[in-house]
*Asks:* 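First the structure, which I've put down as structure tokens, then a few questions once you've had a look.
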There are 2 protein chains.
Amino acid sequence: MNILVCDDDKAIVDAIGIYLENEGYKIVKAFNGVEAIEVIREHEIHLIIMDIMMPKMDGIRATMKIREENNIPLIILSAKSEDYDKILGLNFGADDYITKPFNPLELIARVKSQLRRYTTLGGLETRSSILQTGGLMIDDESKTITVDGEEVHLTPVQYKILKLLTANAGKVFSIEEIYEKVWNEAAFNPENTVSVHIRKIREKIEINPKEPKYLKVVWGVGYKVEKI
Amino acid sequence: MNILVCDDDKAIVDAIGIYLENEGYKIVKAFNGVEAIEVIREHEIHLIIMDIMMPKMDGIRATMKIREENNIPLIILSAKSEDYDKILGLNFGADDYITKPFNPLELIARVKSQLRRYTTLGGLETRSSILQTGGLMIDDESKTITVDGEEVHLTPVQYKILKLLTANAGKVFSIEEIYEKVWNEAAFNPENTVSVHIRKIREKIEINPKEPKYLKVVWGVGYKVEKI
DNA sequence: TCACAACACTAAGAAAATCTTAAGAAATGC
DNA sequence: GCATTTCTTAAGATTTTCTTAGTGTTGTGA
């Protein structure tokens, strides 16, 4: 498997290269978006790791350009300070993202995960942007949520929370986990921000918020969306 | 979970130790990089907190050295005056960093966050969150317990006890052992807290609590879940 | 074998922890 | 600057946990 690593910081490219080579992957390097596109045309590449901030052509523009031609799995690298929404929310074609500084183990896990997904799809992209459980449906492409066919409006934060829980329906997330995943930072004093949002979501998606059908609490643990 | 705290300032090591012990972690101490590396070879360490400025071997060199051998989550401690970019930007293998003086709550949040990340990633490849014996089934991901297909509701403590016993079905646990594992503290004030919980669990999972099928007592020793 | 000591079980209620809700302040976006 | 969204606060509701104290059961050794 050949992996293209693209970052203007040579030290980072080298470090990532070493981790991945240890796992048995072949590494190809590029130091800006223009180079990356050239490399992809010339080599057979199975996965791309791309930095956001780069001279000449930034990672987002490069990703969009690459997506015009093919669907090679692509993981974005970004600094924590950069705008989360821009990376996750804006759908510009990346499959996953990792924030710097990153845990090498996490990088490897995500790379494997992407390669697995790609090969089981046979390389043909059939990315379904629809999540569903019971009568609850989330179309991530149009950012639309419907309950029993009825469209409901959620605010951005509410949307992210519900999407996280629905994408992993059945799995329980602690409040800390939810905070971390949605806000992209460790919460050390979350008061009850999350539970207020939970309340608001329930108000909108549940027939009877007192006896939620979808968004359930697991006492002493956290919240989950029921898998139906 | 065992956490290695490494700093040349004993007062800081002790302070961090106290905060983390309160959260139920076991602490191992080291006072310079060389010691840290030795400790890691000898003990099972799940997370490292490392100061940057230290005699003998500084935190960055130590981190790089550690990274040659393994991927234990590592949080860097650094004074505000030190070059921030050097720590954040330079990728030498740390997973997160905290600046001194730090907020204890923040420290704990980041520690938990790292441990969570590490364990969920580790389980990514072969996660089987389901424990089973006879008709009793525990799905740890959704925190759901079913008996003969029927879902039963357990409280957090009850859940933890049953999970402990089921994960080690057949093994007998003394009351002290159960207390220690579930409450995460050795200090044992006998009373009969555990047996009350056992009673409640039986009430919920057993057809006839007087003649338990799953959760059995072993006279003079403790309790076990039958391996079926 | 019988009594007694050690151990296990049960029930109930007070205390503690956790979740829910509402309302308003602060921040954000147009 | 207005409308919307997000966060904070605090009180109320609910659930869980712990403790107590009494009852039952088992094993032992006189």
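Proteins get letters first, then strands, A, B, ... in listed order; numbering begins at 1 in each. Fair warning: this is a prediction, and the values are worked out from it, not measured in the lab.
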*Asks:* Nearest to the side chain of A:Pro156, which nucleotide is it out of C:dT10, D:dT17, D:dT5?
*Replies:*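 Out of C:dT10, D:dT17, D:dT5, the nucleotide with an atom closest to A:Pro156's side chain is D:dT5.
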
*Asks:* Return the nearest nucleotide to the side chain of A:Trp219; candidates are C:dC19, D:dT8, C:dA6.
*Replies:* C:dC19

*Asks:* When you check the phosphate oxygens OP1 and OP2 of D:dT6, does a side-chain N or O of A:Trp183 lie under 4.0 Å from one of them?
*Replies:*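 So the side-chain polar atoms of A:Trp183 never come under 4.0 Å of the phosphate oxygens OP1 or OP2 of D:dT6.
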
*Asks:* Of all the nucleotides listed (C:dT10, D:dT6, C:dC19), which has the minimum atom distance to the side chain of A:Val217?
*Replies:* C:dC19

*Asks:* Can you tell me whether the side chain of B:Asn192 and the base of C:dT10 have a donor-acceptor pair closer than 3.5 Å?
*Replies:* yes

*Asks:* Determine whether more than 12 heavy atoms belonging to other residues, nucleotides or ligands lie under 6.0 Å from atom NZ of A:Lys204.
*Replies:*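 Result for NZ/A:Lys204: enclosed.
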
*Asks:* Would you mind reading off the distance between B:Arg202 atom CZ and C:dT10 atom P, rounded to a whole angstrom?
*Replies:*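 The answer, rounded to whole Å, is 7 Å.
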
*Asks:* Would you say B:Leu47 and B:Tyr25 make side-chain contact, with heavy atoms under 4.5 Å?
*Replies:* no

*Asks:* Which of these nucleotides, D:dC18, C:dT10, C:dA22, is closest to any side-chain atom of A:Val196?
*Replies:* C:dA22

*Asks:* Looking at the side chain of A:Tyr223, which of C:dT10, D:dT5, C:dC19 is the nearest nucleotide?
*Replies:* C:dC19

*Asks:* Do the side-chain N or O atoms of A:Arg199 get closer than 4.0 angstrom to the phosphate oxygens (OP1, OP2) of C:dT20?
*Replies:* no

*Asks:* Answer yes or no: are there more than 12 heavy-atom neighbours, outside B:Ile207 itself, under 6.0 Å from its atom CD1?
*Replies:*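 Counting neighbours around CD1 of B:Ile207, 12 or fewer heavy atoms of other residues, nucleotides or ligands fall under 6.0 Å, so no.
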
*Asks:* Whole angstroms only, please: what is the CD1-P distance between B:Ile198 and D:dG24?
*Replies:*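 Roughly 22 Å, once rounded to whole Å.
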
*Asks:* Output yes when at least one side-chain N/O atom of B:His197 is less than 4.0 Å from OP1 or OP2 of C:dT10, else no.
*Replies:*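 For B:His197, the contact criterion (side-chain N or O under 4.0 Å from OP1 or OP2 of C:dT10) is not met.
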
*Asks:* Rounded to whole Å, please give me the gap between NE2 in B:His153 and P in C:dT18.
*Replies:*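 The answer, rounded to whole Å, is 14 Å.
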
*Asks:* Under 4.0 Å: is that the gap between some side-chain N or O of A:Thr193 and OP1 or OP2 of D:dT8?
*Replies:* yes

*Asks:* Would you say a side-chain N or O of A:Lys210 is under 4.0 Å from OP1 or OP2 of C:dT21?
*Replies:*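 Affirmative; the distance criterion is met.
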
*Asks:* More than 12 heavy atoms of other residues, nucleotides or ligands under 6.0 Å from NZ of B:Lys227: yes or no?
*Replies:* no

*Asks:* Take atom NZ of A:Lys204 and atom C1' of D:dT6, then tell me their distance rounded to the nearest Å.
*Replies:* 11 Å

*Asks:* How long is the line joining NZ of A:Lys224 and P of C:dC19, in whole Å?
*Replies:* 14 Å

*Asks:* Does a side-chain heavy-atom distance below 4.5 Å link A:Glu206 with A:Lys213?
*Replies:*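 With C-beta onward as the side chain, the pair touches.
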
